[in-house]
**Q** 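A single structure is presented below for examination.
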Amino acid sequence: MNERMVSGLAALRSRSRAPRADELKGVPWLAVLEPAHARRVLDDLRVVEVQAGEVVCRVGRAPSFWLGVLDGLLKMSNDTALGIPITFTGIPPGGWFGEGTLLKREPYRYNILALRRSLVAGLTVGTFDWLLDHSFAFNRFVMLQLNERLGQFIGAREIDRLTQPDQRVARSLAALFHPTLYPGVGRLLRITQHELGYLVGLSRQRVNRSLTTLQAQGVIVVEYGGVRVLDLQRLRLYGAQGQTPS
DNA sequence: TCATTAAATTGTT
DNA sequence: AACAATTTAATGA
C-alpha cells in the first residue's frame, strides 16, 4: 500500500553510496575472504537506505544483486499472484539473501519489503559469480547458508501449521535469532511488537501477551523496542513434545 | 550536562 | 481501535 515508484534495486543503482568502515563489520562473509578477494568486494559493494514500507525486490524481477541487511528489518514473503501468502520470514541485520536466484539465474521468487528504515547492502551479480569462481571460502559460506536456510524454510512451514499463538511467536522469534544466518542479531533483537505481529500474523496485542508469557518462563526478556533471548534452545523447542513448560 | 518536548513503543481494555 | 503509561530521541539552554 505504501509502495514507491523506485524499487530498492533501482535505488541501489541510483542513490547508493559506498559503505563506511563500521558498516562493513556487519558483513559476516567479508572476514573469511583473502585480501585480494576482499579488495574486489570493497570496490563493488554499495549500500542504500530504504524507508519503512519500501519494496527492496519484487517477484519476477531479474536479479542483479546479492543483498544483505546491515541495519533494520526486512520482510520476505512469497505471496503468489493468487493472493495466498504462504511464508513470511523476517530478515534481521547480518542476513544475506538472493543467492538461490542468482545461482539459477531466475527471476526473484520473493517480495522483500522493509518493515522499518533499514540499511541494505548489495553485491553485483558479476562480483558474486567472480567470487564463486575464485574463492573457496566464499563457496563454503554460500553452501552453509543455503543449507541453513533450507532448514529454516522447513521450520517455517511447521510454524504455519501451529495453532497456538505462543508457539508461533516463539518459533518465529527463534528463527530470527539464528546465529549463522543472522549473526548481526546477537542476543538482542531489535524488533517492535507491532513488527513481530506483522511477521507472525498475529495482532500486536496477542504478541504482547505471548511475549509476556515467554518472559515469565524465563526464555526471553522483553525490552523497549526489542527482545533479548535467554535460552535459545527452549525458544526453538517451545511447545514441542517432551518439553515441560516450567 | 541537564531539562523540556515530541515521538515511538508498550501494556491494557 | 483506543487509551494511558513508559521509554527514547531530539532540542536547546
Side-chain angles (χ1 to χ4, degrees), chain A residues 1-4 6 8 11 15-17 19-26 47-56 68-77 79 83-85 88-95 111-121 156 159 162-179 181-232 234-236 238-239 245-246:
Chain A
M1 29 205 103
N2 187 19
E3 296 174 359
R4 305 291 182 88
V6 179
R15 55 177 156 96
S16 66
R17 56 172 172 79
R20 298 195 310 263
D22 58 312
E23 292 165 346
L24 288 174
K25 289 173 185 161
V47 298
V48 66
E49 187 171 284
V50 294
Q51 301 302 313
E54 193 169 345
V55 176
V56 175
V69 182
L70 299 187
D71 191 33
L73 188 65
L74 307 185
K75 188 195 78 165
M76 168 189 288
S77 62
D79 43 3
I84 310 166
F88 290 106
T89 307
I91 309 175
N111 287 320
I112 307 282
L113 77 82
L115 284 180
R116 67 163 72 156
R117 204 159 57 87
S118 303
L119 189 63
V120 177
I159 292 176
L162 294 177
T163 53
Q164 295 194 359
D166 291 355
Q167 277 188 38
R168 291 179 61 98
V169 171
R171 304 281 180 104
S172 301
L173 263 183
L176 294 174
F177 277 112
H178 195 296
L181 288 176
Y182 313 123
V185 173
R187 302 184 68 77
L188 175 63
L189 174 67
R190 297 266 310 170
I191 190 173
T192 67
Q193 297 177 6
H194 178 82
E195 292 164 341
L196 190 52
Y198 194 34
L199 278 180
V200 183
L202 296 171
S203 68
R204 183 179 70 80
Q205 290 89 334
R206 193 59 189 82
V207 167
N208 179 268
R209 283 189 53 191
S210 292
L211 289 179
T212 304
T213 300
L214 290 171
Q215 177 172 240
Q217 299 185 3
V219 183
I220 60 170
V221 175
V222 179
E223 300 190 4
Y224 184 89
V227 174
R228 187 178 300 276
V229 63
L230 298 180
D231 191 336
L232 185 52
R234 276 174 66 197
L235 192 62
R236 280 205 190 98
Y238 189 85
S246 56

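Here the structure is a predicted model, which is why all the values come from computation and not from measurement. Chain A is the first sequence line, chain B the second, and so forth, proteins listed ahead of strands; every chain is numbered from 1.
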**Q** Rounding to a whole Å, what distance do you find between A:E223:CD and B:dA8:P?
**A** 21 Å

**Q** Would you kindly give the CZ-to-P distance between A:R206 and B:dG11, to the nearest whole Å?
**A** 14 Å

**Q** Given atom CG of A:L211 and atom C1' of B:dT10, what is their separation to the nearest angstrom?
**A** 11 Å

**Q** Checking side chain to side chain contact (heavy atoms under 4.5 Å, CB included) against A:L173, which of A:L211, A:V219, A:L232, A:V229 comes through?
**A** A:L211

**Q** Using whole Å, report how far CZ of A:R190 lies from C1' of B:dT9.
**A** 11 Å

**Q** For a quick test of reading the model, state the closest non-hydrogen atom pair linking A:L119 to A:E23 and the distance between them.
**A** CD2-OE2, 3.5 Å

**Q** Between A:I191 (CD1) and B:dT9 (P), how many Å, whole number?
**A** 11 Å

**Q** Inspect the surroundings of CZ in A:R116 and state if more than 12 heavy atoms from other residues, nucleotides or ligands are less than 6.0 Å away.
**A** yes

**Q** Might you point out which heavy atoms bring A:D71 and A:P93 nearest each other, and give the distance in Å?
**A** CA-CG, 4.1 Å

**Q** In this structure, how many angstroms lie between the C1' atom of B:dT9 and the CZ atom of A:R117, rounded?
**A** 16 Å

**Q** With respect to the phosphate group of B:dG11, does any side-chain polar atom (N or O) of A:N208 fall under 4.0 Å of OP1 or OP2?
**A** yes

**Q** CD of A:Q193 versus P of B:dT12: gap in Å, rounded?
**A** 10 Å

**Q** Which pair of heavy atoms, one from A:L115 and one from A:K75, lies closest together, and at what distance?
**A** CG-CB, 4.0 Å

**Q** Polar-atom pairs under 3.5 Å, protein N or O versus N or O of nucleotides 4-7 of chain C: list them with distances, or write none.
**A**
| unit_1 | atom_1 | unit_2 | atom_2 | d |
| --- | --- | --- | --- | --- |
| C:dT7 | O2 | A:Y224 | OH | 3.1 |

**Q** Can you check the A:L115 CG to B:dA8 P distance for me, whole Å?
**A** 16 Å

**Q** Work out which heavy atom in A:V222 is nearest to a heavy atom in A:Q193; give both atom names and the distance.
**A** CG1-NE2, 3.7 Å

**Q** Remember a base hit wins even if backbone is also touched, and classify A:R204 as base, sugar-phosphate or nothing at under 4.0 Å, heavy atoms.
**A** base

**Q** When you check the side-chain N and O atoms of A:R206 and A:S210, is any donor under 3.5 Å from an acceptor?
**A** yes

**Q** I want to confirm an ordering. Mapping A:E195 and A:T212 to their closest nucleotides on DNA chain B, which one lands closer to the 5' end?
**A** A:E195

